[in-house]
Undergrad: 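My questions all concern the structure below.
Please read these numbers as outputs of a predicted model, since none were measured by experiment.
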Amino acid sequence: MMGAEPIRIPIFPLPGAILFPRAQLPLHIFEARYRDMIRDVVAGEGRIAMIQPLRDGEGAPLHKVGCIGEIVALDELDDGRFNIVLEGSDRFRMIREAEVDTLYRQADVDLADFDDARTPDPLGPARRSSVEDEARKFGSALQLEIDWEAVQRLDDETLVNAIAQIAPFDISSKQALLEERDLAPRADLLVQLMQFQRIAPGGPDADQTLQ
C-alpha cells in the first residue's frame, strides 16, 4: 500500500476505460485539458487516477472506486498530443472532488481500503483451472487468437485482472470486478461473467448485464 493518508491526484474520468492493478492501459491523449494534465503529471509524481463516470456528460458524478495508473511509457507527438501507457498500481476510494484551478478534475482519494501492494494469496489449482478453462471457451466464442502458452505463464493476479480489463463486459460488471477486494472472489465473479455472456442471447459480443 502506498500509504494510509489521503492524497490529491488528477482524475481521468474516461468512459469505458477501467484500469486494474498490475494491468496496462494504452491511451491517446488529445484534449487540451488532458494534455495539460499529462504535462503536470510528468513534471510531478507521474500518476493519474482512472475512474468511471456514473453517466454521460461534462462534470458527471463519479463512481467511488478507481485505480491509480503510473505512466510507464510516453510519446509526445509533434502536435502536442500524447500516447501513453498506464500501469495500474493501487485502487482507491474517492473522498471528495477537489476545488482546483486546473482545467482537468482532481480528487482527494483514500488508499486504505485496498491492500494492492501485497501479493494476493494464490487461487489454488481448481480455481485457476476454472479461470483458464472458461477463458478458453470465452476466447473461442469471440474468435480470438490467443497465445495460451503465454497465458499459462501469467501469475494468478495478472491473469484475472488482465481478462477483467480487456473482456467486453459492460461497465457495471467491470466496476464490480474492480471493487472486489480479494483475488479469489474476483476470479469467481470473472468466471460467472464469462459464462453468462458466452451463453446469453446474442453471444459474447452482446451488451449483457449480470444482475
Undergrad: Any side-chain heavy-atom pair from Val100 and Arg8 closer than 4.5 angstrom?
TA: yes
Undergrad: Table please: side-chain donor-acceptor pairs of residues 57-65 below 3.5 Å, with sequence neighbours left out.
TA:
from: Glu58; atom 1: OE1; to: Arg33; atom 2: NH2; distance (Å): 3.3
from: Glu58; atom 1: OE2; to: Arg33; atom 2: NH1; distance (Å): 2.6

Undergrad: For residues Asp116 and Leu111, determine if any side-chain heavy atom of one lies less than 4.5 Å from a side-chain heavy atom of the other.
TA: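 Result no, sub-4.5 Å side-chain heavy-atom pair not found.
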Undergrad: Are the side chains of Ile7 and Asp108 in contact, using a 4.5 Å heavy-atom criterion?
TA: no
Undergrad: For a quick test of reading the model, state the closest non-hydrogen atom pair linking Gly66 to Leu178 and the distance between them.
TA: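 Heavy atoms of Gly66 and Leu178 come nearest at CA-CD2, 4.0 Å.
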Undergrad: To the closest 0.5 Å, what do you measure between CZ (Arg91) and CZ (Arg181)?
TA: 8.5 Å
Undergrad: With rounding to the nearest 0.5 Å, note down the distance linking CG in Leu177 to CZ in Arg186.
TA: 8.0 Å
Undergrad: Under a 3.5 Å threshold, yes or no: a donor from one side chain and an acceptor from the other, between Glu134 and Ser130?
TA: no
Undergrad: Are more than 12 heavy atoms from other residues, nucleotides or ligands located less than 6.0 Å from atom CD of Glu45?
TA: no
Undergrad: May I ask you to check whether over 12 heavy atoms, not counting those of Gln143, lie within 6.0 Å of atom CD?
TA: no
Undergrad: Determine whether a donor-acceptor pair (N or O, by modelled atom type, separation under 3.5 Å) exists between the side chain of Gln165 and the backbone of Gln24.
TA: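 Side chain of Gln165 to backbone of Gln24: a pair is present.
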Undergrad: Does the side chain of Met50 reach to within under 4.5 Å of the side chain of Ile48, using non-hydrogen atoms?
TA: yes
Undergrad: Looking only at heavy atoms, which two atoms of Arg198 and Ala141 are closest? And how far apart?
TA: CG-CB, 4.1 Å
Undergrad: Does some side-chain heavy atom of Asp36 sit less than 4.5 Å from a side-chain heavy atom of Ile38?
TA: no
Undergrad: Any side-chain heavy-atom pair from Asp75 and Phe82 closer than 4.5 angstrom?
TA: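 The answer is no, as the side chains (C-beta and beyond) never meet within the 4.5 Å cut-off.
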Undergrad: I need the Phe169 CZ to Ile163 CD1 distance, nearest 0.5 Å.
TA: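 So the gap between those two atoms works out to 8.0 Å.
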Undergrad: More than 12 foreign heavy atoms under 6.0 Å from CG of Asp56: is that the case here?
TA: no
Undergrad: Pairs in or reaching into residues 152-166: which pass salt bridge (charged side-chain N to carboxylate O under 4.0 Å, His left out), with residues at least two apart or in two chains?
TA: Arg22-Glu157, Arg128-Asp156
Undergrad: Are the side chain of Asp182 and the backbone of Ala184 linked by a donor-acceptor contact shorter than 3.5 Å?
TA: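 No: the side chain of Asp182 does not pair with the backbone of Ala184.
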Undergrad: How about Gln175 and Gln52: do any of their side-chain heavy atoms sit closer than 4.5 Å?
TA: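 Side chain of Gln175 against side chain of Gln52, heavy atoms only: contact under 4.5 Å found.
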Undergrad: Do Glu70 and Leu86 have side chains that get closer than 4.5 Å, going by heavy atoms?
TA: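 No, too far: nothing below the 4.5 Å cut-off.
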Undergrad: Can you name the residues that form a ring pair (Phe, Tyr, Trp, His ring centres under 6.0 Å) with Tyr34, not counting sequence neighbours?
TA: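 With sequence neighbours excluded, Tyr34 shows a ring pair (Phe, Tyr, Trp, His ring centres under 6.0 Å) to Phe12, given in chain and number order.
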Undergrad: Would you sort out whether Arg136 and Asp133 count as a salt bridge (Lys or Arg N to Asp or Glu O under 4.0 Å), showing the intermediate values?
TA: CA-CA 5 Å; Arg136 285 178 181 272; Asp133 289 348; 5.2 Å; no
Undergrad: How close do Pro185 and Glu180 get, heavy atom to heavy atom, and via which atoms?
TA: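 Shortest heavy-atom separation between Pro185 and Glu180 comes out as CG-OE2, 3.4 Å.
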Undergrad: How many angstroms lie between OG in Ser173 and CE in Met194, if you round to the nearest 0.5 Å?
TA: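 Taking OG in Ser173 and CE in Met194, the distance rounds to 12.5 Å.
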